[in-house]
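What follows is a set of notes on a single structure, which appears directly below.
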Amino acid sequence: MNEKLLQHLRTYQQEHLLAFWHELDEVQQAKLVSQIESIDLERITELYRLGASGKSLSIDPCNANPPSAVRLGDGDRQESEAERVGSEALAAGTVAVALVAGGQGSRLGFDHPKGMYPIGPISGDSLFDILLGKVVATGQIFDAQIPVYLMTSPATDEETRRYLEESQYFGMPSEDVKLFCQGTFPAVDAVTGELLLATKGELFLSPDGHGGMLAALARSGALEDMQQRGIKHLFYFQVDNPLATVCDPGLIGHHILASSEYTLQVVAKQQPEDKVGNVVELEGKTRIIEYSDLPEEAANLRNDDGSLKLWAGSIAVHIFDVDFLCRMAESENSLPVHVARKKVPFVDVDGHQRDPEQPNAIKFEQFIFDLLPYAAEAITVEVDPARAFAPLKNGPGSATDTAEHVQQQLMHYHRCMLREAGVRVDDAIQVEINPRCAMTPEMLKSKIPRETEITKDTYFH
Ligand code: UTP
């Protein structure tokens with residue numbers, strides 16, 4: 001028995017972690033020791049204490065105002081100027097992409113990393129294929145190198161690496177796809193604060209949230225790599241949204257024109273209770289208040305014309321200035337830790353595997369948008385959700401955000417693109433456009449003659 005470790009664990013009432021020590025072989029013992037040693041038990045104890053007390057939000061959402069925003073229909077001149085500036089930045093090679101793909105995708109119930117999900121409605125192409133395809137296509141349009149910094153977690157890292165390598169990075173130069181792995185947090189018993197064991201010789205660990213990206217970018221050398229490559233702006237999006245307007249020149253242009261350090265793409269909420277993060281202005285700072293933290297009273301506030309006062313819903317597409325991320329990475333503990341009660345399977349004191357039916361544990365997570373209040377300048381830019389947002393979250397049969405919903409949205413948008421390009425297509429016809437074929441209606445125009453009629457299901461690739 002490792003007496004020193006036992007003593008350390010006793011200080012924090014966590015000695016149960018060694019309860020099965022004598023049943024483990026040397027390799028398992030070494031693994032357990034290294035897991036325990038990597039955890040700051042003092043911090044976890046404190047986080048549990050704060051989490052169990054139910055205190056999380058220290059601001060009053062009822063005083064929130066809408067954020068400073070570029071709204072749809074604000075003017076064509078402003079839009080084309082933004083596109084021009086964004087296009088210049090892309091052509092100059094000062095834009096890179098951050099794609100976060102470390103989540104466990106537990107709601108979807110897919111046995112592989114979510115990025116491997118075959119979402120293409122006709123092609124069956126995976127999320128990674130479609131999203132990296134958009135980067136490849138943008139690189140070709142602007143004759144530019146656009147590196148992708150792709151975040152995995154211990155849960156998704158190995159399989160993602162193998163899959164991307166086997167797929168030859170979907171046409172990206174391999175040196176421009178930089179995988180980096182986020183950290184983890186242990187989970188604790190919600191009643192006792194004891195760390196949970198996944199097996200007799202392993203702690204239960206889960207990814208530390210998309211906010212883990214900041215520390216992971218710094219730790220992996222990715223921030224340094226960006227600086228060396230002269231990258232100034234980082235286009236951030238999540239692996240579960242195949243409609244994401246990856247590297248949208250207009251969004252990048254607005255970010256640059258406003259000297260913003262942190263820009264959010266947002267959609268106008270349809271209902272007060274929409275399940276998106278609410279982007280608001282509070283105490284002079286832009287912030288996101290999660291839907292679960294927004295009281296009904298604040299969510300229901302209306303303007304004189306009947307529209308929602310807190311209208312801006314985040315779709316998790318952001319642009320960060322690299323200098324801003326570097327500054328934040330240097331300031332320790334800049335991101336708060338959120339707690340959530342969840343069902344976590346564990347090994348109990350008698351060595352039995354337990355699969356609870358009710359939330360039994362507290363999990364910890366960091367959110368990347370908690371960087372927002374630190375930005376010297378932050379703006380939001382509205383986008384039409386029909387062309388930018390189709391998140392894959394839930395398994396078949398759920399009311400929203402299933403693969404079927406996402407595929408319908410993709411095909412709907414692709415039909416709109418075809419019609420804008422002067423092509424005739426009926427709603428009953430299934431269509432899918434590979435981003436490498438066309439990213440915009442303008443690009444389609446050069447490939448398909450006007451007035452063409454699509455009469456059967458078609459995959460444009
Ligand atoms: P979600 O919060 O929707 O989580 O992540 P999820 O893992 O996809 O699904 P559930 O909640 O387990 O069902 C939104 C995005 O953030 C990434 C995910 O990969 C997804 O792209 N993410 C989330 C991370 O990269 N790391 C995390 O720790 C959490």
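Please read all numbers here as calculations on a predicted model, not as lab measurements. Note that ligands are numbered from 1 as they come in the structure, with each ligand's atoms numbered from 1 the same way.
A donor-acceptor contact shorter than 3.5 Å is absent between the side chain of Q265 and the backbone of S314.
Sorted by chain and number, the residues within 4.0 Å of ligand 1 by heavy atom are V100, A101, G102, G103, Q104, G105, S106, R107, K114, M151, Q182, P207, G209, H210, Q238, V239, D240, K393.
A salt bridge links R327 to E261: at least one charged side-chain nitrogen sits closer than 4.0 Å to a carboxylate oxygen. Of the charged side-chain nitrogens involved, at least one lies within less than 4.0 Å of a carboxylate oxygen, so that D225 and R229 count as a salt-bridged pair. A salt bridge links E202 with K31; the closest basic N to acidic carboxylate O contact falls under 4.0 Å. Taking the charged nitrogens against the carboxylate oxygens, R107 and D240 have no contact shorter than 4.0 Å, which rules out a salt bridge.
By the side chain to side chain contact (heavy atoms under 4.5 Å, CB included) test, R219 pairs with A215, A216, sequence neighbours left out.
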